[in-house]
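Comments concern the structure below.
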Amino acid sequence: MNEKERPIVLPGEFLCEREGKRIGDNVYEENGKVFSKVIGIPKITESEISVIALSGKYMPKVGDRVIGTIIGVEVAGWFVDINSPYVAFLPLGEAVEEFVDTSRVDISKYYDVNEVIFCRILKVAKNKIIQVTMHDLHAKKLVGGVLVKITPSKVPRVIGKGGSMINLIKNKTNCELLVGQNGVIWVKGKDKSKAIEAILLIEKESHIIGLTEKVEKMLSEEK
Amino acid sequence: MKRGEVKLITDGKRIDGRKPEEMRNVEIKLDVISRSDGSAEVAFGKTRVLASVYGPRALFPKYLQEHETGILRCRYSMAPFSVDERKSPAPDRRSIELSKVIRLALEPAIFLEDFPKTVVDVYLEVIEADGSTRVTGINASSLALALAGIPMRDLVCACSVGKINDTLILDLNGREDNYSEVDMAFAMMPGKGKITLLQMDGLVTKEELKKLIEIAKSTCEKIYEMQKNALREKYRVSE
Amino acid sequence: MDSYVLELLEKGKRIDGRRLDEFRKIEIRENVVEKAEGSASVKIGETHVIAGVKAEIAQPFPDSPDEGILIVNAEFTPLASPEFEPGPPGEDEIELARVVDRGIRESKCIELEKLCIQPGEKVWCIFVDISVLNHQGNLLDASALASLVALRNTRIPKLEDGKIIRGEYQGKLPVIFKPINVSIAKIRENLLVDPNFEEEKVTEAKISVAVRDDDKICAIQKQGSKEILFEEIDKIIDLAVEKSKEIRKLVK
């Protein structure tokens, strides 16, 4: 096997015996044996068996910080597209601190259609009713810049260990970057095309080892 | 002419020169449609089918949504130029039935319960038809679903088998499809040993039926390797 | 009700008290529609379908210029069940009609070559229309049986100067076999013959097998959204062959 490759598993492929471990993302159990549900990279730790998918849609999880676009203004909140099969709802109380008399105030003055927000997933009900909140240290409205979409499962690769990858791109391009767990990345800055190129390279070759070096090389070229 | 009246086997060779249990050349291409969430093209000889997957995505109108599970939709369609006489592009009764059986062949493999209220759409387009289009399409769909990251129990592999005179044959071409005495469409999850499609018409004894299923099973196991190799190849980055 | 069906099955019982391999009571009535060339009403338990046959003159298909034509069509009338809606045929109706068609066609029970009037020009076209009047499960077996019985009592109209004289007949439609359709449902580890409506709702997979008089199998169709195992197929085929003999005795 090529050393630069990570081992890929396919749907239905046997991973290991369960042996009391937790069933994590993208795996299933059958008679004590654990199999992959997707094409991905297996992650078997002492306590959990999971697979990092190489493709697929974003499935909201409580606590995830995501980048969303307002797609509807209601009486007491907003519908937010979070790049998922499920539309999220931002209740008024989770967005605005002050008291708002909804019978008199048009709440689109806070957030309007097509505006972009960095928010946190507050609640995921069993039937996939999703709520997001702006009551979060990092939450904010994102003004200007462009949105780049990547496969959500590749977000950790864009961030890198301890933020190494994202900091590399920030430093080399002097761009502002925000990465949503939902695979939406906000890029703002003069040199944004370089940053976007780097992000797309990571998206394409996320499964190879030595990716950081490759990205660094790419960013250093043809200044 | 009708079933059984066309000479399809001479001196142990079929009209396209194949041995009875020989498959046609299988060609697999992945990611053939860039906007798709997952796509594949599979060819069995001249039969060529494209499959494209969209989803899971929000399902509208809302009353179609299932609260506990996602739903799968399939559409099998033949391009008007894919057959000898132009086929009207509107779905005919055969296409409607095939869309249903293909859906049911794929559904056991998919964890639809992982994405309630949504839909996964699988669109199949037969570009050229020379027999065995539904099973070719199922193989393409299996690959497209896997590429789209849809959670699956296993890949789904499919093939056709049949009977000419007293000879059992594998992977029917167009003429054999029309004139052989028996044809059977078969799909399974090879890793699980579970059958997801079984359709047969023609006259067979119980023993012949058993033998046909055996041939189909061992062929699906071979196709399983082909599907897996194609998927692994995609992620093999040279450098 | 769903969970009750399953609970009973754990004890090997069915909600209507039948054995797993037992059909509901089958009632066949022939010639129920005078206007039709052939007709039959079949009840399997509460499930009720009528099949009517009409014969028309048509041009033969180019690849079989001296053979009659068989066309099977099914309609789930909205009065039969709250799930049925008016409108063009849906995939379930189309599938049912096509599976019934294949059972009849592949068994070669109709001597289509005897239905030629003028080679390449005129042949008899036999339309079998199935109307589902009450849906209490296993529509397929009821429809196939009604179609077979209707075909077996079908008379071919008289011709005068190439025109059909309605109400007068020249003879019977040649039907030489009795293909019987048997549907078997898989619910967990159980195989149930002739599933009723409640059982169909929890059916994981269903296999319909058409069997001819000589025990040859002429059509198979798997339905349902779950898989089936190899050893189950063997059992299903054996069961279908056995049950087909029982039902065939009811057909004149």
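Throughout, protein chains are lettered first and strands after them, A, B, ... in sequence-line order, and every chain is numbered starting at 1.
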* Asked: Quick one: what part of B:Arg94 sits under 4.5 Å from any heavy atom of chain C, side chain, backbone, both or neither?
  -> both
* Asked: Is it the side chain or the backbone of C:Lys216 that comes within 4.5 Å of chain B heavy atoms, both, or neither?
  -> both
* Structure fact -> With chain B, the option among C:Arg102, C:Arg98, C:Lys226 that has the most non-hydrogen atom pairs under 4.5 Å is C:Arg98
* Separation between CD of C:Gln221 and CG of B:Leu104, rounded to the nearest 0.5 Å -> 9.0 Å
* To do: Spell out, as yes or no, whether a donor-acceptor pair under 3.5 Å connects the side chain of C:Lys222 to the backbone of B:Thr196.
  => yes
* To do: Can you tell which part of B:Lys194 gets under 4.5 Å to a heavy atom of chain C, answering side chain, backbone, both or neither?
  => both
* Asked: Does any non-hydrogen side-chain atom of C:Ile217 lie less than 4.5 Å from one of B:Glu208?
  -> no
* Heavy-atom distance under 4.5 Å to chain B: side chain of C:Asn73, backbone, both or neither? -> both
* Rounded to the nearest 0.5 Å, how far does CD1 of C:Ile237 lie from CE of B:Met200? -> 7.5 Å
* Report, as yes or no, whether the 6.0 Å neighbourhood of atom NZ on B:Lys192 holds more than 12 heavy atoms from other residues, nucleotides or ligands. => yes
* Nearest 0.5 Å, what's the CD1-CZ distance between C:Ile220 and B:Phe186? -> 10.5 Å
* Heavy-atom proximity to chain C below 4.5 Å, by part of B:Leu209 -> side chain
* Of all heavy-atom pairs between C:Ile94 and B:Arg93, which one has the smallest distance, and what is that distance? -> CG2-O, 3.3 Å
* Are any of the side-chain nitrogens in B:Lys206 or C:Asp234 under 4.0 Å away from the carboxylate oxygens of its partner? -> no
* Enclosure of C:Phe230 CZ (heavy-atom neighbours >12, cutoff 6.0 Å) -> yes
* Indicate yes or no: does C:Glu227 engage B:Arg153 in a salt bridge with an N to O separation below 4.0 Å. => no
* Structure fact -> Smallest heavy-atom separation, C:Cys218 atom then B:Leu203 atom, equals CB-CD2, 3.5 Å
* Structure fact -> Cut-off 4.5 Å, heavy atoms of chain B, and the answer for C:Asp214 is neither
* Asked: Is there side-chain contact between C:Ile228 and B:Leu198, with at least one heavy-atom pair below 4.5 Å?
  -> no
* Asked: More than 12 foreign heavy atoms under 6.0 Å from CD of C:Glu85: is that the case here?
  -> no
* Asked: Measuring heavy-atom distances to chain B, does C:Arg212 have an atom under 4.5 Å in its side chain, in its backbone, in both, or in neither?
  -> side chain
* Do B:Gln199 and C:Val99 have side-chain heavy atoms sitting under 4.5 Å apart? -> no
* **Portion of C:Ser107 that has a non-hydrogen atom of chain B nearer than 4.5 angstrom** => backbone
* Asked: Between atom CG of C:Leu96 and atom CD of B:Glu97, what is the distance when rounded to the nearest 0.5 Å?
  -> 10.0 Å
* Asked: Does CD in B:Glu68 sit with more than 12 non-hydrogen atoms of other residues, nucleotides or ligands closer than 6.0 Å?
  -> no
* To do: Give the minimum heavy-atom separation between C:Ser225 and B:Pro108, together with the two atoms involved.
  => O-CG, 3.3 Å
* **C:Glu232, part contacting chain B, at a heavy-atom distance under 4.5 Å** => neither
